[in-house]
Amino acid sequence: MDMKSIEKKWQEKWEKSKINTFNRKNTDKKFYCLEMFSYPSGAKLHVGHWYNYGPTDSYARFKKMKGYEIFQPMGFDAFGLPAENYAIKTGIHPKDSTEKNIETMETQLKAMGAMFDWSAEIKTCEEDYYKWTQWLFLKLYENGLAYRKAAPVNWCAGCNTVLANEQVVDGRCERCGTQIVKKNLTQWFFKITNYAEELLKDLDGLDWPEKTKAMQRNWIGKSTGGEIKFECESGDTFDVFTTRADTVFGVSFVALAPEHPLVKKLCSPKQKKAVDKYIEETSKINEIDRLSATREKTGVFIGHYAINPVNNKKVPIFAADYVLYSYGTGAVMGVPAHDERDFKFAEKYKLPVTRVIIPGNGDETLPYTDDGILINSLGYDGMPSAEARKAILNTLAKSGKGCHRVNYRLRDWLVSRQRYWGAPIPMIYCDDCGEVPVPYKDLPVKLPYNVEFRPDGKSPLAKCEEFMNTVCPVCGKKARRDPDTLDTFVCSSWYYLRYPDSKNSNMPFDPEIINQMLPVDKYVGGPEHACMHLLYARFITKALRDMGYLKFGEPFKSLTHQGVILGPDGNRMSKSKGNVVSPDKYIDIYGSDIFRLYLMFGFSYTEGGPWNDDGIKSVAKFLDRVERIFTKVKDTKKNLCTDFGHNEKELNYARNYAIACVNRDMEVFSFNTAVARLMEYVNALYKYDALDPSVKNIKFMRECIRDLILLLAPFTPHFAEELWSLDGNKKSVFLSPYPEADEKALEKEETEYAVQLNSKIRCKLVLPRDMSDDEIRKAVLADEKVKEALGDKQVVKLIVIPNRLINIICK
RNA sequence: GCCGGUGUGAUGGAAUUGGCAGACGUAGUGGACUCAAAAUCCACCGCCAGCGAUGGCGUGCCGGUUCGAGUCCGGCCACCGGCACCA
């Protein structure tokens with residue numbers, strides 16, 4: 001079959017008949033199947049796109065044939081750094097290169113033959129989209145979820161912009177690998193931390209990979225403990241955060257982060273020089289080194305003491321850079337006996353080590369960091385750790401010296417970027433009125449085209465006077481715009497809400513429509529977004545819900561990650577390794593159906609693996625086999641036999657077995673096994689076909705092949721559609737229901753049992769299916785082969801697993 | 001260090017969740033068809049011993065539970081991913 005020409009033919013027909021356009025009348029049967037949209041950085045689709053979109057489209061097609069009204073949109077996450085970096089290198093404007101790339105990718109995506117509803121397409125760089133991204137920003141601002149503050153932020157000198165915590169990997173920029181430095185800047189943040197607890201809690205109800213949920217839990221990093229107030233000799237107080245209030249009687253020092261304001265305030269004149277030097281030194285150490293757990297613990301005594309509120313002991317105050325100012329209260333209590341770091345610190349500075357917890361097993365070694373029983377703790381002696389934590393904090397709380405407290409590792413999301421190619425932040429700064437949001441009626445704040453975007457550490461927009469100069473919406477005086485753009489993750493944090501109402505020009509979406517269409521029923525994309533896009537999207541959904549726009553709090557009910565297709569050498573595909581496999585070549589030779597089918601058959605979908613040429617040939621061979629038998633049976637005019645005997649029953653069994661398995665496997669994205677069952681079914685058809693023509697029931701065979709085409713349709717849509725039409729059908733194969741297994745056909749009259757003697761297989765035994773346990777026992781023991789194997793041994797016990805296995809235990 | 005995952009023939013990968021390990025493919029071997037090749041079709045294909053029937057071994061390693069373990073439990077090893085001076 002000339003795959004390329006039939007693919008083109010059917011794509012045109014599908015487009016004309018609008019078969020892939022979502023029908024709003026059927027919203028009650030909706031199934032929102034979403035793949036992560038593409039980033040148009042390269043001009044062409046790579047294998048990764050294909051692997052995400054091809055098999056998932058097959059899943060969607062399967063669901064369609066199961067009676068769902070499918071909404072499967074596609075669009076482009078079009079703002080972002082690569083286009084801008086490309087522009088810096090070549091001089092081609094990001095808008096021009098992006099638009100061109102999108103055009104190419106659209107053509108390729110269409111040639112894939114996926115059932116994307118192009119009428120819902122969105123491109124985040126277009127005004128009618130980013131207008132609503134800005135709307136979202138303003139809404140968050142209005143609701144106290146967007147705020148500006150000066151803070152030490154992650155600065156990437158390579159990309160000339162700040163980055164969110166999530167975009168810093170091992171102290172380096174996730175994009176360009178440049179080492180991140182801390183810079184004090186005034187930036188916009190989204191208050192994702194308001195939702196930390198809910199983001200954590202709601203993970204439990206999601207049908208997501210455990211791994212991804214674990215990653216998010218980790219990232220949110222909840223720790224339950226308490227704050228304990230220490231009073232200084234000066235009368236100043238500070239709180240320490242601890243998860244081990246049970247060890248508070250073992251405190252032998254307290255440590256403040258060097259940035260803590262009390263360090264300078266309380267520092268004694270004698271120690272001032274040493275403390276200033278320490279602060280100076282630690283500020284020079286970059287964040288990565290400072291966060292390294294293996295680094296030697298250092299600190300400096302500030303010449304002042306604090307009082308332990310539980311026993312009124314005087315303990316020295318240190319400034320130590322292993323204490324992070326940004327976590328908890330920026331102050332910790334040092335309990336050397338029961339904390340590794342405190343232990344090392346105490347060793348170095350010769351501080352006392354007091355054991356206050358004993359383990360149950362009498363282990364004497366220190367530090368001992370697990371729970372145990374309290375000692376040296378006055379009235380708490382003998383109490384188990386868990387109980388003591390509560391009791392001590394409760395007592396402290398009564399006198400206002402402590403409280404229970406939960407801390408999260410999660411930080412607010414920094415969304416400002418000093419780059420050009422993004423959605424401008426819709427804020428105005430007026431000398432008189434201060435920070436003023438752009439009125440909704442003035443949206444969008446348009447991104448100007450003529451801008452010098454070559455980076456010099458300042459926002460490119462800051463250099464564009466016609467953009468920067470505006471008037472204050474409140475007082476009408478001259479004012480300046482915010483020169484920064486929004487992190488592209490803001491654009492992608494809500495795109496799934498825009499798709500179902502993508503042409504709405506009055507609102508980002510009509511809540512009535514969205515509440516019917518969402519949440520997304522199946523979301524498929526790479527696992528690399530676990531702590532970024534997937535977390536941000538959940539946050540934005542919850543925020544919009546609390547503003548009253550949405551009736552649901554989770555955007556993606558069910559999530560699947562596709563694996564990664566590696567280069568033939570087993571490494572990740574990369575230009576520098578020269579192992580990149582382009583889909584184009586294969587699509588040119590085999591067509592998109594075969595390429596897709598190979599992706600589905602050759603890998604375990606969620607695992608991925610190295611690319612292999614041989615596999616694709618085998619899949620092409622399989623479709624040839626299907627076509628040959630289809631043609632042969634279609635062209636056989638004479639039907640010499642109408643019997644439905646043993647052979648027909650066998651074939652019918654194979655057919656229904658395939659139907660049952662494919663239905664089951666498709667639901668769980670087990671594409672490779674589904675294809676394997678189809679191959680088995682085709683093998684069974686060939687076996688039947690090899691029979692003498694006089695005993696072949698051609699009419700029945702036609703029926704079987706009809707089912708084969710239906711079964712195959714989601715996997716190879718064009719190929720199946722072509723066979724379906726050659727078979728004389730006028731309507732699309734995708735408007736027919738997917739075959740359902742006939743349970744009766746799956747009940748064989750006989751079963752082959754494996755017969756074991758003392759758990760070792762000795763022989764096989766065929767028995768009628770509906771035998772009782774007793775009958776089976778009798779039959780087994782009466783069998784000649786069994787008798788022979790048994791010899792004169794005594795049967796002790798007989799285990800029967802229905803329809804599977806019989807185990808005779810004998811002596 | 002903590003969290004999660006993976007480990008099965010030459011190879012991609014299966015195994016209905018405790019019941020015949022290796023489905024379905026690829027590669028390989030032998031055969032049919034062909035002048036020949038390709039394509040196609042048929043058979044074999046975990047390892048060791050044996051001409052053979054057959055026997056022994058076998059799912060990273062060691063142990064356990066069980067009539068029965070790739071699957072459950074305990075203890076290790078290796079690799080991959082994430083988090084990590086988070087108090």
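Heavy-atom basis, side chains included; hydrogens, waters and symmetry copies ignored. To find a chain, count down the sequence lines: A is the first, B the second, and so on, and within it residues start at 1.
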Toward the 5' end of RNA chain B, which comes first, A:N803 or A:E210, by nearest nucleotide?
A:E210
Within 45° cone of A:Y195 ring axis and under 6.0 Å: A:R538 NZ or CZ:
no
For a quick test of reading the model: is some side-chain N or O of A:R628 closer than 4.0 Å to OP1 or OP2 of B:C41?
yes
Any base atoms under 4.0 Å from A:K213, or only sugar-phosphate, or nothing? Heavy atoms, all strands.
nothing
Near-ring test A:Y349/A:F253, centroid separation under 6.0 angstrom:
no
How far apart are the C-alpha atoms of A:Y598 and A:Y590, what are their side-chain angles, what is the distance that settles it, and do they pass the ring-ring contact (aromatic ring centres under 6.0 Å, His included) test?
CA-CA 11 Å; A:Y598 168 59; A:Y590 297 104; 9.4 Å; no
Would you measure the distance from the P atom in B:A27 across to the matching atom in B:G81 and give it in whole Å?
32 Å
Salt bridge (charged side-chain N to carboxylate O under 4.0 Å, His left out) filter on A:R217, not counting sequence neighbours, yields A:D204
Among B:A23, B:G25, B:A87, the nucleotide that comes nearest once only the side chain of A:E680 is considered
B:A23
Respond yes when some side-chain nitrogen or oxygen of A:N683 is under 4.0 Å from OP1 or OP2 of B:A23, and no when none is.
no
Want to settle it: does A:K222 or A:C531 sit nearer the 5' end of RNA chain B, counting the closest nucleotide to each?
A:C531
Honestly, is A:R409 close enough over A:W219, meaning NZ or CZ under 6.0 Å from the six-membered ring centre and within 45° of the axis?
yes
Would you jot down, in residue-number order, the residues of residues 618-625 of chain A having a non-hydrogen atom under 4.0 Å from RNA chain B?
A:S618, A:K621, A:R625
So, OP1 or OP2 of B:A87: does either fall under 4.0 Å of a side-chain N or O from A:Y322?
no
For a quick check, with a 4.0 angstrom heavy-atom cut-off, what is the B/S/- contact string for nucleotides 6-18 of chain B, read 5' to 3'?
------BSS-B--
Strand RNA chain B as a dot-bracket string - pairs counted if Watson-Crick or G-U with both distances under 3.5 Å, | where the partner lies in another strand
(((((((..(((......[....))).(((((.......))))).((((....))))..(((((..]....))))))))))))....
Measure all distances between protein nitrogen or oxygen atoms and nitrogen or oxygen atoms of nucleotides 55-57 of chain B, and list the pairs falling under 3.5 Å.
unit_1: B:G55; atom_1: OP1; unit_2: A:R762; atom_2: NH1; d: 3.2

What's A:E752 touching, base or sugar-phosphate or nothing? Going by heavy atoms closer than 4.0 Å.
base
Is B:U26 in the syn or the anti form, by the rule that syn lies within 90° of 0?
anti
Summary of protein contacts for nucleotides 63-74 of chain B, nucleotide by nucleotide, where a base hit scores B, a sugar-phosphate-only hit scores S (4.0 Å, heavy atoms)
----BS------
